[in-house]
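Computed from a prediction, not measured in an experiment: that's the story for all the values here.
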Amino acid sequence: MGYSQGIAFEEGIRVGIYARQSVDEEQGISQQIDDCRAEAIRRGWVVVDAYTDNDTSATKQRDIGTAWASMLAAFDRGEINTVLTTRVDRLTRKLVDVLELTP
């Protein structure tokens, strides 16, 4: 059994939502998160957290201090086992980033 913000849940799909956009505009990030939450509910998945990088290009290095780095750390700790995003270009545009998500 695992925990999400103090709430126990059965082992299964534990989602980290990743939302990113290149411009600083809160509405776009909020819509991405809302869409991902709806999809997770539809699939019966548990959303553990949402990681947002606003005003962040997918082609720039995303180092310590970014939501991307926090999400990878949560993945490595086993807090999440699935990453959900609205479109693949929100996640990455570089193969090396995909490799970071491989267990």
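- Between Met71 and Ile80, the closest side-chain pair of non-hydrogen atoms falls below 4.5 Å.
- Contacts of Asp35 classified as side chain to side chain donor-acceptor pair (under 3.5 Å), with partners at least two apart in sequence or in another chain: Gln31.
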Stepwise ring-ring contact (aromatic ring centres under 6.0 Å, His included) test for Trp68 and Tyr51 | CA-CA 7 Å; Trp68 175 261; Tyr51 304 89; 9.9 Å; no
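- No donor-acceptor pair under 3.5 Å is formed between the side chain of Arg37 and the backbone N or O of Gln32.
- Partners of Arg43 under the salt bridge (charged side-chain N to carboxylate O under 4.0 Å, His left out) rule, at least two apart in sequence or in another chain, are Glu39.
- Between Thr52 atom OG1 and Ile17 atom CD1 the span is 10.5 Å, to the nearest 0.5 Å.
- To the nearest 0.5 Å, atoms CH2 (Trp45) and SG (Cys36) are separated by 10.0 Å.
- Smallest separation of non-hydrogen atoms from Val48 and Arg14: CG2-CB, 3.8 Å.
- The backbone N or O of Gly12 sits less than 3.5 Å from a side-chain atom of Asn81, completing a donor-acceptor pair.
- Distance check, rounded to the nearest 0.5 Å: OH of Tyr18 to CG of Asp49 gives 13.0 Å.
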